[in-house]
Amino acid sequence: MEDGTPVGLSVGIADADNAPSSSSGASTRKRKSDVLRNAKPKKKTKPKVSRPPRLGYTVEQGEDMLLIISNTNQYDNIWRPNAKRRKKKKILKGKAKVTQAKKKNTVFPKGKATKKPLIKRGELEPTVQHHQEEGFDSWGQSLPVEVLVNIFKMVVHQDGAVPFLCRVARVCHLWNAAAASPALWRSVSVGYCWLEPGKTHLPKTELKIRNTVSWLAQNRFSQLRDFSLNHWKNNVDHVVEVVSQSCPQLRSLKLSYCTGVTEKAFQSLSGSCRSLDSINVQYSEFQVEGLVTFLESYGIQIRQILFTHGPRNDRLLTAISRGCCPELQLLEINTKLDSGYCHLPICIQALQNGCPKLQTFRMLNVIPMPKMTRNGSGSTSGFPLLEELCMATTAVSFMTDQDLAKIVYDSPKLRVLDLRGCSRITAAGLSSLPCDELECLYWGLYFSSNVTVSLSKKGIHLLTQKWSGTLQELDLANQLFSEEDMEIALGHLAQGTGADPIRSLNLSGTKVTTPALRLVIGQSTALNYLNLSSCRYLPRGLKKLYRGQEEIHQLLDKLE
């Protein structure tokens, strides 16, 4: 056109002025739809709302400290997705794809970068580095290792080193370095963590077990002192050998419910562990000859021995009585609860001569059968340092006052006396013992079989009168002393003026009465355990177990 109007536009105007035909109307609607389709919708601007700034921390009030806890994590200020993220393009049918030629024809103004530089993995953006320099969310990197080690030490003291330290070592490099501290690996107990006990292993599993134990011994057990192995049926000799070679400071070895312990394991201990002074092989199957040979050669350094009574374990007790462990301080012999009656021949005179420094002597569920020495001469040394004697059993006991007197006739330092189940011991025999500062007396009767309880006894007041100033725990469960005797005995106990008054009292199944109970509760300010179950001479509602001083004070209010 001469007036400069575009051709397409003039045709459109001419068609609009004249009477529209069907073809012209369709073309017009098509153009309008194209315009609307190509037009970009306007975004609605949201009104700005003023919000208070977010605090970066929260103050929590604890029992004895203030905890300042960060509200932001390591991703809040370091990395956030851009607000204008590219949306995924939806591929529609009939829509042409953008060719590479059109991309190359795109022109950018001079002075501006054509594309954003890529950030490789492991590198941080400038804003990230800026935030870390300012100290945002960098406590994980700046926390001293010593603080983390102290935190781990509290968990290890409660839950053990394995598997806790093995798991936290996989968190990060900082936690790995803290978990590798030798101070955390001084006491280790390893259970059965590969397969169920008793099942056979594949060769690869056997190799994995050996490699794991070897790696731990060489890289973590440099300061190991106490080691325990539980429920292992195989590779016990290998574990003991590796630990003994890598742990020169090992002091205590415990093998619980283990089998296959041969003489080789004890030979490895004798060659490397010069500091070993405690051996615990309770509930384990071991070669007795190997342990006896070890004690005969290196028994002078042993202070504690604990084992379970078995068919051939009397040889071990005989070796100890001969004096191969002159520095022995603790001797414990027990048996399995389902093993029935276990008679153990023992010569008390020989044991007193062989272990003059014994401080703790325990025989649990074992029926001692006293025997004399061949020459018939009795011992006069006794146990002068004995502080704890335990002859407790849930079955029948044949111990009499004479047998007890032979054991503790020269033990003035005795503090704990456990005679639970010893029904043939009398109050008169106990009152004649040479120990004047007894703190704990356990004399309750607990029978797991059909054993008849003896008839009514007398003289319980002799015990409370003798030890009223030192007795802290007393167990008289199912002892059938008379009502008058119990009142006199508890009266002496209430009048005790010792520095440590009675704290635990078990009167279950006794004939204690309300007046005697009121007297001892009113005077015993430190009492925090009281067992009154099955006391037939008390009113209903009071025959139960009381824990804590609050419950005991409530009982006193009811009695008054």
Side-chain angles (χ1 to χ4, degrees), residues 143 145-261 264-266 268-269 272-273 275-286 304 306 308:
L143 184 68
V145 180
E146 295 78 8
V147 176
L148 200 57
V149 168
N150 290 332
I151 297 174
F152 288 172
K153 188 178 298 184
M154 292 185 288
V155 181
V156 168
H157 179 72
Q158 180 179 356
D159 299 335
V162 177
F164 170 73
L165 294 179
C166 299
R167 292 173 178 174
V168 300
R170 304 176 62 182
V171 174
C172 61
H173 292 288
L174 177 64
W175 285 38
N176 192 327
S181 176
L184 300 175
W185 297 87
R186 294 179 178 177
S187 179
V188 175
S189 178
V190 180
Y192 209 84
C193 51
W194 275 275
L195 291 176
E196 295 182 4
K199 289 190 175 181
T200 58
H201 303 285
L202 296 175
K204 292 184 179 180
T205 306
E206 292 282 348
L207 182 61
K208 181 179 179 181
I209 293 174
R210 292 173 176 267
N211 293 339
T212 302
V213 175
S214 301
W215 186 90
L216 287 174
Q218 296 173 4
N219 298 275
R220 294 293 184 267
F221 292 171
S222 60
Q223 297 185 12
L224 183 65
R225 298 179 181 178
D226 303 325
F227 181 72
S228 176
L229 197 66
N230 307 312
H231 296 277
W232 280 57
K233 306 302 179 183
N234 302 311
N235 300 311
V236 180
D237 287 349
H238 174 76
V239 173
V240 174
E241 183 179 0
V242 170
V243 170
S244 60
Q245 293 176 357
S246 304
C247 308
Q249 301 182 14
L250 186 65
R251 299 182 308 182
S252 173
L253 175 64
K254 180 179 179 181
L255 304 177
S256 180
Y257 294 96
C258 295
T259 59
V261 187
K264 182 180 179 181
F266 299 109
S268 61
L269 292 175
S272 304
C273 302
S275 301
L276 184 67
D277 60 0
S278 177
I279 297 178
N280 187 345
V281 288
Q282 288 182 338
Y283 306 108
S284 294
E285 298 179 5
F286 59 94
Q304 299 179 1
L306 301 91
T308 300

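Nearest heavy atoms, L148 versus A178: CD2-CB, 3.7 Å. Taking all atoms of both residues into account, the shortest heavy-atom contact from R251 to L276 is O-CD1, 3.3 Å. Listed here is the closest heavy atom pair of S214 and V242: CA-CG1, 3.9 Å. Between C273 and C247, the shortest heavy-atom distance links the atoms SG-O, 4.1 Å. Closest approach of C258 to V236, counting heavy atoms only: CB-CG2, 4.2 Å.
Inter-residue side-chain proximity for L250 and S275 is flagged as unmet; no heavy-atom pair is nearer than 4.5 Å. No side-chain heavy atom of Y257 sits under 4.5 Å from any side-chain heavy atom of W232. Side-chain contact check for V240 versus L269: some heavy-atom pair is nearer than 4.5 Å.
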- How far apart are the C-alpha atoms of I151 and V149, what are their side-chain angles, what is the distance that settles it, and do they pass the side chain to side chain contact (heavy atoms under 4.5 Å, CB included) test? CA-CA 5 Å; I151 297 174; V149 168; over 6 Å; no
- Query: What do the steps show when you test L184 against K153 for side chain to side chain contact (heavy atoms under 4.5 Å, CB included), and what is the final call?
  - Reply: CA-CA 6 Å; L184 300 175; K153 188 178 298 184; 3.7 Å; yes
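Between the side chains of E285 and T259, no donor N or O sits under 3.5 Å from an acceptor N or O. If you check the side chains of E206 and N235, you find a donor sitting under 3.5 Å from an acceptor. Defined by atom type and a distance below 3.5 Å, a donor-acceptor pair is present between the side-chain atoms of N230 and S228.
For the pair T308 (side chain) and Y283 (backbone), a donor-acceptor distance under 3.5 Å is present. At least one donor-acceptor pair under 3.5 Å links the side chain of S244 to the backbone N or O of E241.
Rounding to the nearest 0.5 Å places CZ of R210 at 5.0 Å from NE2 of H238. Taken to the nearest 0.5 Å, the CG atom of L165 stands 10.5 Å off from the CG atom of D159. Rounded to the nearest 0.5 Å, atoms CH2 (W175) and CZ (F152) are 5.0 Å apart. Taken from CZ in F266 to CG in L253, the straight-line distance is 8.0 Å, to the nearest 0.5 Å. Atom CG of N150 sits about 9.0 Å away from atom OG of S181, to the nearest 0.5 Å. Going from atom CG of L255 over to atom CG of N280 covers 8.0 Å, rounded to the nearest 0.5 Å.
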Counting only pairs under 3.5 Å, give me each side-chain donor-acceptor contact of residues 216-227, with atom names and distances, residues two or more places apart or in other chains.
from : atom 1 : to   : atom 2 : distance (Å)
N219 : ND2    : W215 : O      : 2.8
Q223 : OE1    : R186 : NE     : 3.3
Q223 : OE1    : R186 : NH2    : 3.2

